[in-house]
Amino acid sequence: MDKFRMMFQFLQSNQESFMNGICGIMALASAQMYSAFEFNCPCMPEYNYTYGIGLLIIPPIWFFLLGFVLNNNVSVLAEEWRRPTGRRTKDPTILRYMFCSITQRSLIAPAVWVSVTLMDGKSFLCAFSVNLDIDRFGNASLVQGMSESERIKLLARIPCKDLFQHQEIRAAASRYIKCISQACGWMFLLMMTFTAFLIRAIRPCFTQAAFLKTKYWSHYIDIERKMFDETCKEHAKSFAKVCIHQYFENISGEMRSFHFRRSSRDGSDDDSEDKKSDEEKLLGIRAQDDMNKVLWNWHTCKPALALRKDEIDGENNGRLNGNINGAVNGFAKGHTHEVEKKEWAVYYSKV
């Protein structure tokens, strides 16, 4: 279990490299899926073009959307775009940078699929076989005396080996269309490579300070969300632990006190330290309404990105933290007015 936890933490800390690896795996999977995919052209004039072009377009769209689904930054981008402004302004350049980064990674698998499909040429042959001039590939008497509809039906059967009788004409026509398809595939790869080169070459020509700023704050938004989720989990765990302890202490009554006095010599130090650590993790928020208010304020009015350094001594640390939490979350002294306070005895060791 510890190994899985360490692996999960490693993936979280190296999310960018992990997502690049996922995109590469998706690209390889797309090529493998196409090679394992059994291509069956309908060989009918009404459906050839739709099937061939659909095979060239629809799977890349699915891979593109899947890349967005698997990227965790999509939810971060949507949350940052839809959140109320509050005390923190929204920078459109940061949102643009995050969207462009997600889009670039999601385009890897679709580009591989389109390239492999064009290099193979089967979908291109299925889509454009009816547009061939069959006089170039064999005996012109083959289509003499045929009506236009019959000629189109004959050309639509070229992709199907078992339906077209003249194999020499079919082989010549297939080779011709596949050559055109491969040329389009190389042009597509050249265009994608040239576009990537322009993006890499033109970026340093602009102000690097603006690029570093957008990159920094995009990473900050992602890390802030993870830290907030981890803090909420720690608070929920401590809140549940303290609540359960108080429940058992209240319901056991004198029996609990009797057993506690008998075992105080052995386990009082550990219990007091555990209670103290759990109380510290609560950060002064000890009621359900308080926590709901904190979560609502975090969504509607995030704190401004202007940190201050408060120089306080150890005695005023708890009091100042309570005032800050209460002021930020809308409560005086960090507590609600309606929650009844109870007195608890805490035992400290002199060792």
Side-chain angles (χ1 to χ4, degrees), residues 8-9 11-27 57-111 192 195-196 198-200 202-236 285 290-308 325 327-330:
F8 181 72
Q9 292 176 355
L11 294 178
Q12 280 187 333
S13 60
N14 298 274
Q15 184 181 5
E16 185 173 357
S17 301
F18 177 69
M19 288 308 304
N20 291 333
I22 288 292
C23 293
I25 293 174
M26 286 178 58
I57 295 178
I58 294 178
I61 295 176
W62 177 74
F63 277 112
F64 181 72
L65 296 178
L66 185 62
F68 269 83
V69 171
L70 295 178
N71 199 317
N72 189 38
N73 291 330
V74 175
S75 57
V76 179
L77 174 62
E79 181 180 350
E80 181 66 16
W81 178 48
R82 293 294 300 171
R83 72 170 177 84
T85 303
R87 298 180 181 178
R88 186 186 302 180
T89 58
K90 292 187 288 187
D91 193 350
T93 57
I94 299 176
L95 301 178
R96 235 179 357 254
Y97 173 82
M98 296 175 66
F99 179 77
C100 292
S101 178
I102 296 172
T103 304
Q104 289 175 5
R105 295 176 182 175
S106 301
L107 284 174
I108 297 176
M192 295 294 295
T195 303
L198 287 180
I199 294 175
R200 292 276 187 174
I202 293 177
R203 179 179 292 175
C205 298
F206 295 94
T207 306
Q208 285 295 304
F211 172 72
L212 292 176
K213 183 190 72 172
T214 55
K215 187 176 181 180
Y216 173 84
W217 289 115
S218 64
H219 289 322
Y220 172 83
I221 292 172
D222 186 22
I223 295 173
E224 184 188 51
R225 186 193 183 195
K226 293 178 182 177
M227 294 294 294
F228 183 79
D229 292 339
E230 292 176 1
T231 305
C232 288
K233 289 179 182 179
E234 289 293 331
H235 187 277
I285 305 172
D290 291 358
M291 195 63 209
N292 292 335
K293 184 70 175 178
V294 170
L295 296 176
W296 178 259
N297 286 345
W298 177 259
H299 174 69
T300 58
C301 187
K302 286 189 176 182
L305 296 177
L307 306 180
R308 65 181 185 274
N325 289 330
V328 173
N329 301 320

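Because the structure is predicted, anything quoted here is derived from the model rather than measured. Along the sequence shown, the residues carry numbers beginning at 1. Below, each value reflects all heavy atoms present in this structure, side chains not excepted, and no hydrogens, waters or symmetry copies.
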Novice: Nearest 0.5 Å please: distance from the CD1 atom of Ile202 over to the CD1 atom of Ile199.
Specialist: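 These two atoms lie 8.5 Å from each other.
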Novice: Locate the shortest heavy-atom distance separating Ser106 from Gly67; write the atom from each residue and the value.
Specialist: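 Heavy atoms only, the tightest pair is OG-C, 3.4 Å.
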Novice: Between Thr89 and Thr85, is there a donor-acceptor pair closer than 3.5 Å when you use the side chain of the first and the backbone of the second?
Specialist: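 No; judged by distance alone, with no hydrogens or angles, the pair does not exist.
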Novice: Specify the closest pair of heavy atoms between Asn73 and Met98, including all atoms of both residues, with the distance to one decimal.
Specialist: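 Taking every non-hydrogen atom into account, O-CE, 4.3 Å.
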Novice: Which atom names give the shortest non-hydrogen contact between Glu80 and Leu95, and what distance separates them?
Specialist: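 Closest heavy-atom pair between Glu80 and Leu95: CG-CD2, 3.4 Å.
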Novice: So which atom in His235 and which in Ile285 form the shortest heavy-atom distance, rounded to 0.1 Å?
Specialist: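 Looking at all heavy atoms of both residues, the shortest contact is NE2-O, 3.3 Å.
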Novice: Could you tell me how the ring of Tyr220 sits relative to the ring of Trp217: parallel (under 30°), tilted (30 to 60°) or perpendicular (over 60°)?
Specialist: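 Tyr220 vs Trp217 ring planes: perpendicular.
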Novice: Let's go through Leu295 and Cys232 carefully: what are the C-alpha distance in whole Å and the side-chain angles of both, what is the deciding distance for side-chain contact (heavy atoms from CB on, under 4.5 Å) to 0.1 Å, and is it a yes or a no?
Specialist: CA-CA 9 Å; Leu295 296 176; Cys232 288; 4.0 Å; yes
Novice: Can you tell me how far CD1 of Ile221 sits from CD1 of Ile94, rounded to the nearest 0.5 angstrom?
Specialist: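 One gets 5.0 Å once the value is rounded to the nearest 0.5 Å.
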Novice: Nearest 0.5 Å, what's the NZ-CZ distance between Lys90 and Arg82?
Specialist: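 These two atoms lie 8.0 Å from each other.
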Novice: Counting only heavy atoms not in Leu198 (residues, nucleotides, ligands), do more than 12 fall under 6.0 Å from its CG?
Specialist: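 Count over threshold, so yes.
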Novice: In plain terms, say whether Asp222 and Lys226 are close enough for a salt bridge, that is, a side-chain N and a carboxylate O under 4.0 Å apart.
Specialist: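 Yes, charged N to carboxylate O under 4.0 Å.
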Novice: Could you give the distance from CG (Asp91) to NZ (Lys213), rounded to the nearest 0.5 Å?
Specialist: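 It is 5.0 Å, given to the nearest 0.5 Å.
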Novice: As an exercise, state the distance from OG1 of Thr103 to CD1 of Ile108, rounded to the nearest 0.5 Å.
Specialist: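 Going from OG1 on Thr103 over to CD1 on Ile108, the span is 11.5 Å.
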Novice: Show the nearest heavy-atom pair for residues Lys215 and Tyr97, with the distance to one decimal.
Specialist: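 For Lys215 and Tyr97, the tightest heavy-atom pair comes out as CG-OH, 3.4 Å.
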Novice: For the residue pair Trp298 and Pro303, establish whether any side-chain heavy-atom pair is separated by less than 4.5 Å.
Specialist: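 Counting from C-beta outward, Trp298 and Pro303 do come under 4.5 Å.
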Novice: If I take atom OG from residue Ser101 and atom CZ from residue Arg96, how far apart are they, to the nearest 0.5 angstrom?
Specialist: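 The OG atom of Ser101 sits 14.5 Å away from the CZ atom of Arg96.
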Novice: Heavy atoms only: give me the nearest Arg87-Lys302 pair and the separation to one decimal.
Specialist: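 Minimum heavy-atom contact is CB-O, 3.4 Å.
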Novice: Does Arg105 form a side-chain contact (heavy atoms from CB on, under 4.5 Å) with Asn71? I'd like the steps, not just the answer.
Specialist: CA-CA 9 Å; Arg105 295 176 182 175; Asn71 199 317; 4.1 Å; yes
